[in-house]
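Let me begin by presenting the structure, written as structure tokens, before commenting on it.
Here the structure is a predicted model, which means the values were calculated and not measured. Side chains included, hydrogens not; waters and symmetry mates left out as well; all remaining heavy atoms used.
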Amino acid sequence: MARARDTDACPGALQVHRAADGALARIRLPGGALTAAQLAALSRVAGEYGSATLELTARGNVQVRGITDVTAAAAAIADAGLLPSATHERVRNIVASPLSGRAGGVADVRPWVAELDAAICAEPSLVELGGRFWFGFDDGRGDVAGLCADVGVHALPEGSALLLAGRDTGVRLSADEVVETLLIIATRFAATRETAWRINELDDVAALLRGAELGATPFDAVTRAPVGWINQDDGRVALGAAVPLGVLPARVAEYLAAIEAPLVITPWRSVLVCDLSEEVADVVLRVLAPLGLVFDENSPWLDVSACTGSPGCAHSLADVRADAARALDADPGVHRHFVGCERGCGSPLAGEVLLATGDGYRQLR
């Protein structure tokens with residue numbers, strides 16, 4: 001059912017959220033892609049105008065908290081090439097398989113990301129999508145499909161499956177049809193959504209596409225980031241670094257930028273440093289591991305996450321990040337997400353969600 005709310009409060013780099021700890025800006029990164037120069041710029045923004053940390057989100061975006069000069073921060077973000085459209089900056093929500101085109105997968109979805117991003121910015125009506133609606137490109141490995149994007153595709157050996165609200169519609173698309181079809185569906189949703197902000201809030205999801213029949217079984221949800229030494233198909237190396245609780249200190253971000261390699265922010269709040277030679281990758285590991293980034297796939301940090309919590313969020317009943325850090329070894333193998341209120345921000349689709357009560361936690365899910 002559609003929610004009865006008319007105002008889209010989802011923050012961007014220009015329309016910021018006024019949190020308990022100051023202004024919060026969210027910078028969209030379609031496909032999670034980020035250049036070294038852009039990460040360096042965001043690090044400077046956080047250091048000069050914000051809390052000196054970057055927050056990685058569950059949509060592969062970056063947030064800066066505690067901003068003291070919103071205008072100056074926005075100008076710096078724009079100068080870094082991260083605001084190609086002032087009108088559409090909050091609707092450029094595109095998540096893609098982070099390793100696509102580099103390691104594994106059925107298809108390289110990166111060209112679709114770039115094409116869709118340009119198409120979104122060129123369509124005036126899509127301003128009405130709002131900041132919560134998002135697109136997903138799964139390259140066939142099943143990582144993004146399980147995150148339940150509003151509209152997306154799952155690459156197959158022949159063609160791609162069209163997904164709505166994370167479910168297979170039974171519709172198959174050729175490579176040339178993918179971006180056009182996603183754009184048509186998003187445009188129809190924007191024109192007919194009334195008070196709905198997400199496709200799963202509609203009473204009749206299949207009405208967005210004639211002949212679509214939503215599958216009964218959703219894709220399995222993935223909760224763990226690709227971490228460690230990853231051999232790319234071209235012989236080079238990608239390093240996957242989990243960022244504990246998604247909080248990346250600006251100083252550590254500067255070290256990542258200094259590698260001068262392509263970067264990908266994943267929807268599991270981690271960073272991929274890509275296209276490295278083995279020699280450079282070995283040096284990078286030795287430098288970054290002592291700085292708090294996690295390259296061990298068995299680390300308990302991969303099984304815990306949290307919303308912002310106190311003191312940054314006025315709604316929170318606890319410092320959930322601190323509590324999550326203290327509970328690292330509580331239940332190995334089960335993902336636990338700690339939240340400070342019933343909104344459950346950032347909750348993954350699998351595992352436990354633990355809600356602060358003021359005197360402990362209870363299971364929200």
### Query
So, for A36 and L263, which heavy atoms are closest and what is the spacing to 0.1 Å?
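Closest approach of A36 to L263: CA-CD1, 4.1 Å.
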With heavy-atom distances below 4.5 Å as the criterion, would you say the side chains of [X] and [Y] are in contact?
X	Y	result
L156	S160	no
S51	D21	no
S316	S310	yes
L162	I185	yes
V153	V109	no
P244	R321	no
S299	L302	yes
N200	L202	no

Consider only side-chain N and O atoms of [X] and [Y], and report whether a donor and an acceptor are under 3.5 Å apart.
X	Y	result
D176	S174	no
S305	H335	yes
N231	W229	yes
D143	S97	yes
R65	T308	yes

### Query
So is R110 actually on top of W112's ring, under 6.0 Å and inside 45° of the axis?
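No, a cation-pi geometry is absent between R110 and W112.
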Are the side chain of [X] and the backbone of [Y] linked by a donor-acceptor contact shorter than 3.5 Å?
X	Y	result
R188	L183	no
R224	E297	yes
D138	R141	yes
N93	R90	yes

### Query
Should we count CG of D220 as having more than 12 external heavy atoms under 6.0 Å?
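No - once you tally the heavy atoms of other residues, nucleotides and ligands closer than 6.0 Å, there are 12 at most.
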Between [X] and [Y], does any side-chain N to carboxylate O distance fall below 4.0 Å?
X	Y	result
R102	D275	yes
E254	R251	yes
E342	R362	yes

#### Entry: Separation of L245 CG from H337 NE2 (nearest 0.5 Å)
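Taking NE2 in H337 and CG in L245, the distance rounds to 10.0 Å.
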### Message
Rounded at 0.5 Å granularity, tell me how far CZ in F137 sits from CG in L182.
### Response
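If we round to the nearest 0.5 Å, F137:CZ and L182:CG are 5.0 Å apart.
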